[in-house]
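Some notes on the structure that comes next.
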Protein chains: 2
Amino acid sequence: MAATKDPRPCSIADALALVGEKYSLLVLREVCLGNGRFDQLVRNIGAPRDILATRLRRLVDAGILTKRAYSERPQRFEYRPTQAGLELEPVLLTLMEWGNRHLRKDDRPMVVEHICGHELVPLVTCQACGDPVQHEDLTPHPQSPGWTVTGPTAA
Amino acid sequence: MAATKDPRPCSIADALALVGEKYSLLVLREVCLGNGRFDQLVRNIGAPRDILATRLRRLVDAGILTKRAYSERPQRFEYRPTQAGLELEPVLLTLMEWGNRHLRKDDRPMVVEHICGHELVPLVTCQACGDPVQHEDLTPHPQSPGWTVTGPTAA
DNA sequence: TATGGTGAGTCTGGATTTCCTACTCACTGG
DNA sequence: CCAGTGAGTAGGAAATCCAGACTCACCATA
């Protein structure tokens with residue numbers, strides 16, 4: 001799914017080029033849960049085995065996962081998130097929160113408990129002021145060319 | 001890309017079924033920037049027109065975008081995010097932040113300014129205690145069957 | 001030592017999507 | 001009348017995806 005042609009220089013597009021393919025984020029979900037073996041991934045994600053193998057290779061190449069043998073003779077492997085992989089977890093959590101809010105009615109299939117003792121409700125905040133991020137409070141500033149807003153509707 | 005077969009009941013998978021297809025999140029990016037016209041989207045995303053038309057239909061059906069005429073005679077339309085769509089913006093921002101950190105060296109192609117006056121660095125926090133979310137602080141609690149961790153590596 | 005089972009994939013051929021280019025249709029502006 | 005714009009459709013080629021079978025190495029057991 002490489003964003004090879006995205007006319008804009010954009011970290012969102014670049015990130016999606018790595019993890020935006022079908023199943024990639026679900027792989028990350030499983031791996032963050034500690035289910036990093038091939039057959040676990042197949043069962044828990046429901047992806048075709050060959051596609052999964054392709055995704056795993058790409059994620060390893062991208063430095064998001066590592067492949068570790070947990071047994072020689074017989075060789076058995078486990079995929080684990082790297083630091084970069086772990087730092088994608090907030091994306092998963094934010095997505096989960098959105099899904100919980102908009103796609104379900106009260107029945108969350110999975111609850112994550114935070115170390116503070118409460119159920120985790122992920123909230124995206126501004127690091128500087130700590131306030132929750134809201135659309136109206138944001139002003140985009142293009143830094144690179146390629147971001148000139150086209151057409152008369154300039155945001 | 002419907003996660004029709006995801007063996008797990010999971011809001012992440014459900015959310016990805018709606019917005020995980022190629023280009024969908026880039027559409028949302030543009031629409032959040034105010035570039036909601038078909039040809040703007042084509043130019044700014046670089047997606048084939050027919051694919052874009054399909055994505056737009058699906059996003060409208062999903063209640064993430066609305067299609068509004070901004071001119072009759074000639075009929076001209078604009079896509080805008082609904083409330084649900086706007087609430088996906090944190091996902092985009094989190095992804096952007098990850099991309100900035102891991103895929104670039106200092107050159108952010110786009111900087112978002114928060115109303116507080118600082119450059120926005122999105123931070124995912126626990127709503128209850130306000131602390132930044134870190135992997136080690138999380139304990140998943142499956143609420144539905146289908147989440148029994150398979151295999152001996154139970155996280 | 002045959003028999004079965006697991007883990008980690010690869011292979012194959014067909015179904016589905018995506019991609020690209022061109023085209024339409026309605027209208028506007030000169 | 002002619003060119004241009006906006007919002008798509010149409011058609012066929014190219015790339016991906018999919019399901020299930022298959023491999024290969026090893027272990028267990030009987």
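Each chain gets a letter, A, B and so on, in the order its sequence line appears, and its residues count up from 1. The figures that follow rest on heavy atoms only: side chains count, while hydrogens, waters and symmetry mates do not. In this text the structure is predicted, and so the values were computed from the model without any measurement.
- As rounded to whole Å, 18 Å separates atom P of D/dC22 from atom CG of A/Asp39.
- In this structure, the side-chain contact (heavy atoms from CB on, under 4.5 Å) partners of B/Pro90, at least two apart in sequence or on a different chain, are A/Thr94, A/Val124.
- In this structure, B/Trp147 contributes its side chain and B/Arg8 its backbone to no donor-acceptor pair below 3.5 Å.
- Cation-pi contact between B/Arg43 and B/Phe38: absent, since separation from the ring centre below 6.0 Å together with deviation from the ring axis within 45° is not met.
- Atom pair B/Tyr23:OH and C/dT18:C1' shows a separation of 8 Å (rounding to whole Å applied).
- Residues satisfying the side chain to side chain donor-acceptor pair (under 3.5 Å) test with A/Glu136, not counting sequence neighbours, are none.
- Looking at residues two or more places apart in sequence or on another chain, you find a side-chain contact (heavy atoms from CB on, under 4.5 Å) between B/Asp137 and A/His114, A/Ile115, B/Gln134.
- Applying the ring pair (Phe, Tyr, Trp, His ring centres under 6.0 Å) test to every pair with at least one member in residues 87-107 of chain B, sequence neighbours left out, gives these pairs: B/Trp98-B/His102.
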Under 4.0 Å protein heavy-atom contact, by nucleotide of nucleotides 25-30 of chain D - B base, S sugar-phosphate only: BSS---

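- Not counting sequence neighbours, A/His118 has no partner by the side chain to side chain donor-acceptor pair (under 3.5 Å) test.
- Taking atom CD of residue A/Gln40 and atom P of nucleotide C/dA8, one finds them 8 Å apart after rounding to whole Å.
- Contact between the side-chain N/O atoms of B/Arg43 and the OP1/OP2 oxygens of D/dA7 is not found at any separation under 4.0 Å.
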Could you write out each protein N or O paired with an N or O of nucleotides 2-4 of chain C at a distance under 3.5 Å?
none

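- Nearer the 5' end of DNA chain D, as judged by each residue's closest nucleotide, is the contact made by B/Leu56, out of B/Leu56 and A/Ile51.
- Atom C1' of nucleotide C/dA8 and atom CG of A/Leu65 are separated by 16 Å, given to the nearest angstrom.
- With sequence neighbours excluded, no residue satisfies side chain to side chain donor-acceptor pair (under 3.5 Å) with B/Arg76.
- The distance between atom CZ of A/Arg37 and atom P of C/dG9, rounded to the nearest whole Å, is 13 Å.
- Taking only side-chain nitrogens and oxygens, A/Tyr79 never comes nearer than 4.0 Å to OP1 or OP2 of C/dG7.
- If you check D/dC18, C/dC19, D/dA7 against the side chain of B/Lys22, the one that comes closest is C/dC19.
- Applying the salt bridge (charged side-chain N to carboxylate O under 4.0 Å, His left out) rule to pairs touching residues 109-135 of chain B yields B/Arg108-B/Glu119, sequence neighbours excluded.
- For B/Glu72, the side-chain contact (heavy atoms from CB on, under 4.5 Å) partners are B/Ala69, B/Gln75, not counting sequence neighbours.
- For A/Arg68, no side-chain nitrogen or oxygen approaches OP1 or OP2 of C/dA8 to under 4.0 Å.
- Atom CG of B/Leu52 is separated from atom C1' of C/dC19 by 13 Å (rounded to the nearest Å).
- Under the side chain to side chain donor-acceptor pair (under 3.5 Å) criterion, A/Arg55 pairs with no residue at all, not counting sequence neighbours.
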Which atoms of nucleotides 10-13 of chain C (N or O only) lie under 3.5 Å from a protein N or O atom, and what are those distances?
unit_1: C/dT10; atom_1: OP1; unit_2: A/Arg57; atom_2: NH1; d: 3.4

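- Atom CG of B/Asn44 and atom P of D/dA7 are 13 Å apart (whole Å).
- If you check the side chains of A/Arg68 and A/Tyr79, you find no donor sitting under 3.5 Å from an acceptor.
- For the pair B/Phe77 CZ and C/dA26 P, the computed distance is 13 Å after rounding to whole Å.
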